[in-house]
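Everything quoted here is computed from the prediction, not taken from an experiment.
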Amino acid sequence: MSGRSELPGLRGLPPLDLELSPHSGFTREHWVAVADRLLLALRPYFSPGRARIELPGQVSSSGRDSDGLEGFARSFLLVGFRLAGEHGADENGFLDWYRAGLITGTDPRSPERWPRLDERDQAKVEAASIALVLELTRPWLWDTLSATEQANIVGWLEGAVGAWYPDNNWVWFQAVVETFLASVGGRFAAADIEHALAFHAACSRAGGWYADSATERAFDYYSGWAMQFYPLFWASQPGTAAFGAAELAPLWRAQLGDYLADYVHLIGGDGMPVLQGRSLIYRFAAAAPLWSGAIAGVDTVSPGLLRRSASGILRAFLDRGVPGDDGLLSLGITRPWPQMAQTYSGAGSPYWAAKGFSGLALPADHPVWTAVEEPLPVERGDVRRVLRAPGWLLSGTAADGVVRLVNHGTDHEVEGTQNADPPLYARLGYSTVTVPPLGMAAVAHPVDQLATVLDASGAPAHRAGFQPLELADDGVAAIGSSRARAHWVEFEPGARDHGSGYAGRVTVGPEVAVSSAVRGAWEVRAVRVLGEPGAARAVRIAGWPIEPGAERGIRSALMPLLGAGDARTEVVAVAGRSPLADLVEVQQLTAPGTESLVVAAVGLGAELGESPQVTETEAGLRITWPDGALSELAVP
């Protein structure tokens with residue numbers, strides 16, 4: 001059986017194939033068609049020498065020259081995956097366009113030359129994409145260049161050798177570039193590659209996860225689209241045996257397999273991944289680790305489920321109007337929203353989405369393309385999972401396809417710090433249908449997914465630097481708890497939302513303990529103030545940020561259960577701060593005083609029904625869930 005959808009994002013694509021892909025309808029032909037559409041839409045924006053893609057819109061802090069390189073290099077990834085999977089076949093002539101740009105951009109005498117790596121740090125990022133594609137397409141591109149052209153490319157890439165790179169996923173940019181240089185007779189520093197390997201090992205965490213830091217609790221999609229993506233590619237490059245690649249690759253493959261066993265649970269029934277962490281403007285890049293699993297041949301997730309997961313992600317954005325009518329990827333998530341940008345983001349930045357097309361490097365007869373799609377975990381039934389490395393309690397409901405995370409482990413900080421909460425990391429909850437309100441107003445005065453105390457002015461305290469306490473599953477519910485030193489942060493004038501690490505003058509308050517029990521669409525959330533209240537004057541619990549009349553009838557609920565006393569519950573409207581909607585509403589419960597235990601039920605879903613009920617016991621709380629199941633929740 002095959003069919004065609006009339007959704008705008010699918011117009012012009014091949015008919016849906018519901019025999020091979022009964023859930024998404026997408027096959028390799030659809031991925032190729034979307035890739036070609038994205039690449040062809042860029043052609044009007046090439047510079048005369050084709051070295052830069054000069055897109056309209058925001059200019060990054062690195063400047064227009066760097067942004068032009070970024071647009072070229074990131075879309076070049078897409079060309080590389082297409083050519084590798086087609087063994088060099090190129091009916092649209094992409095190779096000619098990008099070969100010309102590569103030659104022009106690396107010619108030091110060209111007026112369109114690319115910024116050197118010692119001139120712009122951003123060039124260090126883009127150089128890795130250039131090197132990766134040169135390796136993938138070596139027979140059809142590198143081997144066709146003249147000696148002078150090759151020397152110019154080598155000279156540009158050699159800016160990586162011995163250069164400073166921050167200790168995060170960037171170390172892999174240096175390793176990939178220098179390994180390619182070594183393979184073509186260029187300069188390289190073994191110490192740079194050895195440092196990347198050592199740092200990578202220091203970022204390894206339980207369950208195959210990677211933090212984007214050796215010390216911080218920095219868990220987001222970089223675990224998959226960077227820290228899991230580059231190592232196995234690097235290990236396949238010539239010359240890596242000298243650095244132990246043959247021994248490391250099986251370890252990395254096993255870690256990737258464990259990670260993907262968690263990862264497929266983070267995708268909603270409509271294909272949307274959980275919206276958490278910075279760089280969400282990369283959208284389809286969330287599919288990258290799934291294709292890495294197919295390329296590596298992991299055995300924890302079947303080829304049919306890998307493709308279902310990746311195709312679901314692609315369709316989720318196509319169905320929501322991405323790319324736009326002009327064929328371009330904008331700064332935003334489901335719609336243009338320039339406030340999503342960090343200072344380093346320019347109009348070409350979203351094209352790191354190309355990483356999500358890396359499966360096109362696999363030929364059409366690979367099992368990931370020929371296997372029949374299998375349903376996502378949340379399509380098979382309700383799911384509940386404890387993700388230990390990031391400290392998340394996951395719950396997905398099959399009836400509405402919503403996946404939720406309750407966060408007791410991630411804040412992009414080190415335990416004991418007292419910075420402001422980064423909205424995309426330190427909130428108590430994230431889901432496939434919500435995004436926290438963003439911007440400095442949301443940083444200074446958070447409104448959603450709270451379990452905290454208020455000072456006399458009504459300002460909520462932050463929790464960044466909190467102490468994780470418990471993560472478990474009792475067979476009925478997922479259980480988690482954490483403890484934070486409440487603190488209020490006063491910002492310097494002109495402070496800007498950069499995604500993490502908001503520092504300012506701090507006022508310290510009491511410790512606040514938070515415990516959660518999660519089952520289905522509901523979380524029971526308990527808050528207790530420990531020790532002297534200090535500046536704290538009230539307790540606040542806040543729920544999910546939901547667009548009024550949201551898609552699929554998704555709604556939220558916040559029900560006081562215990563200790564609320566004279567609490568007031570209100571709905572707060574937040575305008576202009578969500579990349580998903582012009583207006584979102586958040587339910588908040590505010591209980592005056594700080595002595596009592598405050599407990600509420602927080603729900604998100606299409607069919608919430610009755611809320612859980614609780615009774616206080618000597619050990620903590622006894623929870624009766626709507627289906628009659630019972631749980632015990634200890635509260636510090």
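Under 3.5 Å, the side chains of Ser349 and Glu70 contain a donor-acceptor pair of N or O atoms. Side chain to side chain, Arg283 and Ser330 meet the donor-acceptor criterion of an N or O pair below 3.5 Å. A side-chain donor from one of Ser279 and Tyr222 sits under 3.5 Å from a side-chain acceptor of the other. Side-chain atoms of Ser47 and Glu112 include a donor-acceptor pair closer than 3.5 Å. Judged by distance alone, the side chains of Thr240 and Trp234 never bring a donor and an acceptor atom under 3.5 Å apart.
Side-chain rings of Trp252 and His200 approach one another, their centers coming within less than 6.0 Å. Between Trp392 and Tyr430, the ring centre distance reaches or exceeds 6.0 Å. Ring-centre distance between Tyr98 and Phe46: below the 6.0 Å cut-off. For Trp31 and Trp291, the ring centers are positioned less than 6.0 Å apart.
Closest heavy-atom contact between Thr106 and Trp156: CG2-CB, 4.1 Å. A pairwise comparison of heavy atoms in His412 and Glu216 identifies ND1-OE1, 3.0 Å as the closest pair. Here the closest non-hydrogen pair linking Leu83 and Ala89 is CD2-O, 3.8 Å. Residue Phe81 comes nearest to Ala354 through the heavy atom pair CE1-O, 3.3 Å, listed as atom of the first residue, atom of the second, then distance. Here the closest non-hydrogen pair linking Ile313 and Phe284 is CG2-CA, 4.3 Å. Glu178 and Val161 make their closest contact through OE2-CA, 3.5 Å (heavy atoms, listed as atom of the first residue, atom of the second, distance).
Looking only at distances, a side-chain donor or acceptor of Asn407 sits under 3.5 Å from a matching main-chain atom of Gly409. With hydrogens and angles ignored, the 3.5 Å screen pairs a side-chain donor or acceptor of Gln174 with a backbone N or O of Ala163. Counting only distance, with no hydrogens or angles, the side chain of Ser146 and the backbone of Glu149 share a donor-acceptor pair below 3.5 Å. The backbone N or O of Phe219 sits less than 3.5 Å from a side-chain atom of Gln276, completing a donor-acceptor pair. Between the side chain of Asp192 and the backbone N or O of Gly162 there is at least one donor-acceptor pair closer than 3.5 Å. Of the possible polar contacts, none joining the Gln58 side chain to the Ala347 backbone as a donor-acceptor pair under 3.5 Å is found. Side-chain atoms of Ser204 never come within 3.5 Å of backbone atoms of Ala201 as a donor-acceptor pair (strictly under, hydrogens ignored). Side-chain N or O atoms of Thr417 include none that pairs as donor or acceptor with a backbone N or O of Asn419 at under 3.5 Å. For the pair Ser292 (side chain) and Ala288 (backbone), a donor-acceptor distance under 3.5 Å is present. Formation of a donor-acceptor pair under 3.5 Å by the Arg52 side chain with backbone atoms of Leu69 is not found in this model.
Of the inter-residue distances, the one linking Tyr230 atom OH with Asn169 atom CG reads 7.5 Å to the nearest 0.5 angstrom. Between the CD atom in Glu413 and the CG atom in Asp421 there is a gap of 8.5 Å [rounded to 0.5 Å]. Of the inter-residue distances, the one linking Leu102 atom CG with Leu141 atom CG reads 6.0 Å to the nearest 0.5 angstrom. Interatomic distance, Leu256 CG to Tyr210 OH, rounded to the nearest 0.5 Å: 9.5 Å. Here the NZ atom belonging to Lys124 is positioned 7.0 Å from the CH2 atom belonging to Trp170, to the nearest 0.5 angstrom. Here the CG-CG distance, from Leu248 to Leu232, works out to 10.0 Å after rounding to the nearest 0.5 Å.
Between Leu266 and Leu405, some side-chain heavy-atom pair lies under the 4.5 Å cut-off. Side-chain atoms of Phe357 and Val34, non-hydrogen and from C-beta on, do get closer than 4.5 Å to each other. Counting heavy atoms from C-beta outward, Pro423 and Val443 have side chains that approach closer than 4.5 Å. Using a 4.5 Å cut-off on side-chain heavy atoms (C-beta onward), Leu362 and Ile295 make contact. Inter-residue side-chain proximity for Asp121 and Tyr165 is flagged as unmet; no heavy-atom pair is nearer than 4.5 Å. Residues Ile153 and Trp142 form a side-chain contact, since some pair of their non-hydrogen atoms from C-beta on lies under 4.5 Å apart. Between Ile333 and Val322, every side-chain heavy-atom pair lies at or beyond the 4.5 Å cut-off. By the 4.5 Å heavy-atom criterion applied to side chains, Leu331 and Ser345 are counted as neighbours.
Between Glu86 and Arg28 there is a salt bridge, since at least one side-chain N of the basic residue sits less than 4.0 Å from a carboxylate O of the acidic one. With salt bridges taken as basic N to acidic carboxylate O contacts below 4.0 Å, one links Glu126 and Arg74. Contact check on Arg99 versus Asp96 returns a salt bridge, with a Lys/Arg side-chain nitrogen under 4.0 Å from an Asp/Glu carboxylate oxygen. A salt bridge does not link Arg82 to Asp90: none of the charged nitrogens lies less than 4.0 Å from a carboxylate oxygen.
A ring pair (Phe, Tyr, Trp, His ring centres under 6.0 Å) with Tyr282 is found for one member of Tyr351, Tyr221, Trp225 and no other, namely Trp225. The only option from Arg278, Arg217, Arg205 that meets the salt bridge (charged side-chain N to carboxylate O under 4.0 Å, His left out) definition with Asp212 turns out to be Arg278.
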**Request:** Start with the C-alpha gap between Leu260 and Leu306, add the side-chain angles, then the distance that decides, and say whether side chain to side chain contact (heavy atoms under 4.5 Å, CB included) holds.
**Result:** CA-CA 9 Å; Leu260 290 175; Leu306 288 173; 4.1 Å; yes
**Request:** Using the side chain to side chain contact (heavy atoms under 4.5 Å, CB included) rule, take Leu132 and Phe229 through it: C-alpha gap first, then chi angles, then the decisive distance, then the call.
**Result:** CA-CA 11 Å; Leu132 190 155; Phe229 176 86; 3.9 Å; yes
**Candidate pair Arg138 and Phe180, rule side chain to side chain contact (heavy atoms under 4.5 Å, CB included), full reasoning** = CA-CA 11 Å; Arg138 193 182 284 249; Phe180 176 77; 3.7 Å; yes
**Message:** Assess the residue pair Glu415 and Phe466 against the criterion (side chain to side chain contact (heavy atoms under 4.5 Å, CB included)); give the C-alpha distance rounded to whole Å, side-chain angles, the decisive distance to 0.1 Å, and a yes or no.
**Reply:** CA-CA 6 Å; Glu415 185 176 321; Phe466 63 81; over 6 Å; no
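In this structure, Trp209 and Tyr259 have perpendicular ring planes: the angle between them is above 60°, well past the 30° mark.
Within a 6.0 Å radius of CZ in Arg43, other residues, nucleotides and ligands contribute more than 12 heavy atoms. In this structure, Asp325 places its CG atom where only 12 or fewer heavy-atom neighbours from other residues, nucleotides or ligands lie under 6.0 Å away.
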